[in-house]
2 protein chains.
Amino acid sequence: MRGYDKHAFEPFAVTVDLAVLTLRAGALHVLLVERGQEPYAGRWALPGGFLLPEESAETAARRELAEETGLADVTGLHLEQLRTYSEPARDPRMRVVSVAFAALLPNPPEPRGGGDAAEARWVPYDKAQGLAFDHDRILADARDRVGAKLEYTCLATAFCPAEFTLGELQGVYETVWGTALDRPNFRRKVLATPGFVEPVPGAARLTGGRGKPAALYRAGPATSLHPPLPRTPREGRPA
Amino acid sequence: MRGYDKHAFEPFAVTVDLAVLTLRAGALHVLLVERGQEPYAGRWALPGGFLLPEESAETAARRELAEETGLADVTGLHLEQLRTYSEPARDPRMRVVSVAFAALLPNPPEPRGGGDAAEARWVPYDKAQGLAFDHDRILADARDRVGAKLEYTCLATAFCPAEFTLGELQGVYETVWGTALDRPNFRRKVLATPGFVEPVPGAARLTGGRGKPAALYRAGPATSLHPPLPRTPREGRPA
DNA sequence: CGTCTTTATAGTCGTAGTGACTATTAAGGG
DNA sequence: CCCTTAATAGTCACTACGACTATAAAGACG
């Protein structure tokens with residue numbers, strides 16, 4: 001079977017599924033929708049939908065992201081293809097091949113209900129279990145990918161608003177990894193990485209609570225982290 | 001468009017494309033097939049083909065790998081999903097969504113011609129340009145992915161036969177990365193990583209050429225490399 | 001108005017990892 | 001028998017990092 005040509009081919013339905021992750025109240029949350037129809041009626045699922053005839057998977061994913069979050073502008077958001085799930089039995093009705101994406105949001109908006117009656121809701125990651133289809137697996141893969149990329153990329157700023165403190169940035173790592181990091185060491189490492197964060201020159205303080213006001217930073221132009229930020233600050237699993 | 005249900009869906013053709021990489025004569029090679037039909041007749045392309053009705057993409061990829069290489073047993077070979085390419089215009093005939101894989105081979109066999117007349121051939125990576133469809137892009141992505149995974153995983157042994165010398169293992173890194181590594185430092189690093197390689201106890205030497213015979217090693221159980229093997233031994237780009 | 005708490009920031013110290021070397025060993029080629 | 005080649009052993013200095021202590025600047029609470 002060389003070069004697509006010789007044989008008849010089976011038509012497949014192609015969808016995108018989105019693991020939209022954000023931080024709310026110091027916990028990792030994922031956007032879920034409640035299914036209205038069979039199969040899996042009443043179960044929670046990752047938002048997603050069919051590819052339109054003239055769309056790439058990336059285009060469809062960004063369209064779905066806008067629809068489900070209700071955000072007017074999703075162009076700046078981090079959207080990343082995870083992998084494609086194609087087990088023959090993953091949808092009981094027919095062959096559905098799904099291209100999965102992970103999306104990262106800074107300030108989580110309240111999800112609006114889309115055009116249909118399905119409900120969308122932010123759910124803590126730990127409670128997002130028993131999802132429809134193979135979405136448990138997709139969601140776990142998304143978290144693994146994001147956690148891994150925090151180590152060697154500057155992805156963490158995608159969870160933060162335009163201006164943020166180093167404490168907030170550290171909270172991203174601690175929340176996604178589930179480990180505590182030493183604050184002075186984290187600070188030293190981040191500031192020593194050129195282009196990771198840039199200080200906001202003028203108004204360099206922000207406070208919502210107690211303690212000394214923290215300086216504000218913006219995301220810098222760097223995308224990779226060399227050497228990586230290790231996952232083992234106090235406790236941690238071995239290699 | 002929630003949960004797959006509401007709208008009619010477009011049927012797509014789904015294929016797998018394989019970037020089969022190996023080392024021949026100290027250079028990275030990729031397995032290419034010559035296309036017999038339009039579009040891109042006479043051009044070289046990555047091997048691949050349609051998903052069968054009851055196959056996952058992984059199953060189809062491994063089947064194609066066996067067909068194209070002529071190897072009887074491909075179960076032990078490293079096969080890894082890269083990403084899915086779904087641009088609407090990537091195939092001029094129709095909507096074809098392709099799930100791309102990277103495969104790594106130790107001893108490259110001479111490719112056999114498959115059932116059809118198309119020719120398969122090992123081509124040096126640097127000369128594999130002007131491929132059909134978006135296969136230039138897929139091939140470049142495969143090389144990027146493999147190169148990156150060499151840094152922080154034990155993937156390099158997938159390019160080596162069952163027993164190999166540390167010099168051969170170092171050659172994998174140098175060939176894929178295109179950089180020279182310091183031999184004593186490489187040796188120290190590899191041996192200091194538990195589970196990366198294990199010495200072959202009995203006959204611990206092999207020679208095909210000049211020089212002191214090298215000890216033989218096998219791949220160990222470890223899969224990740226902590227801390228990673230940095231890409232900058234003598235010369236190298238900055239972070 | 002002071003003290004306590006909280007958070008940010010500054011700095012110190014010892015160690016592990018590593019880049020850059022040099023030296024030695026064991027083979028083959030002329 | 002030397003020369004070359006490649007593997008292996010070992011040294012040394014520097015840097016990054018984990019662990020830790022100290023100081024600064026805010027609000028809370030009496």
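Side-chain atoms are counted along with the backbone in the values below, which use heavy atoms only and exclude waters and symmetry mates. Order of the sequence lines fixes the chain letters, A, B, ..., with proteins taken first and strands second; residue numbering starts at 1 for each chain. Only a predicted model underlies this, so the values are computations on that prediction, with no experimental measurement involved.
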When the distance from CZ of B/Phe164 to C1' of D/dA7 is rounded to whole Å, what number comes out?
16 Å
Between atom CG in A/Asp182 and atom C1' in C/dT12, what is the gap in whole Å?
13 Å
What is the distance, to the nearest angstrom, from the CG atom on A/Asn185 to the P atom on D/dT21?
13 Å
Has the side chain of B/Arg188 got a donor or acceptor atom sitting under 3.5 Å from an opposite partner on the base of C/dG19?
yes
Which atom pairs, donor and acceptor, lie under 3.5 Å between side-chain atoms of residues 186-194 of chain A and protein residues at least two apart or in another chain?
residue	atom	partner	partner atom	Å
A/Arg188	NH2	A/Asn185	OD1	3.1
A/Lys189	NZ	A/Pro227	O	2.8
A/Thr193	OG1	A/Lys189	O	3.0

Do A/Arg90 and A/Tyr85 form a cation-pi contact, if we require the NZ or CZ to be under 6.0 Å from the six-membered ring centre and within 45 degrees of the ring's axis?
no
Rounded to the nearest angstrom, tell me the gap between atom CZ in B/Phe186 and atom P in D/dA7.
11 Å
Donor-acceptor pair, distance only, cut-off 3.5 Å: does the side chain of B/Thr153 make one with the backbone of B/Leu155?
yes
Could B/Glu34 and B/Arg121 be called an ion pair, given the rule that one side-chain N must be under 4.0 Å from one carboxylate O?
no
In whole angstroms, the gap separating C1' of D/dA16 from CG of A/Leu225 amounts to 13 Å
Do A/Glu151 and A/Arg231 sit within salt-bridge range, that is, some charged N less than 4.0 Å from a carboxylate O?
yes
Report yes if at least one side-chain N or O of B/Lys189 is closer than 4.0 Å to OP1 or OP2 of C/dT18; otherwise report no.
yes
Show each protein N/O and nucleotides 3-10 of chain C N/O combination with a separation under 3.5 Å, one pair to a line.
residue	atom	partner	partner atom	Å
C/dT7	O2	A/Lys212	N	3.2
C/dA8	OP2	A/Arg183	NE	3.1
C/dA8	OP2	A/Arg183	NH1	2.2
C/dA8	OP2	A/Arg183	NH2	3.0
C/dT9	OP1	A/Ala215	N	2.8
C/dT9	OP2	A/Arg187	NH1	2.5
C/dT9	O5'	A/Arg187	NH1	3.3
C/dT9	O5'	A/Arg187	NH2	3.0
C/dA10	OP2	A/Arg187	NH2	3.4

Under the criterion side-chain contact (heavy atoms from CB on, under 4.5 Å), which of B/Thr157, B/Leu169, B/Leu166, B/Val200 is the partner of B/Tyr217?
B/Leu166
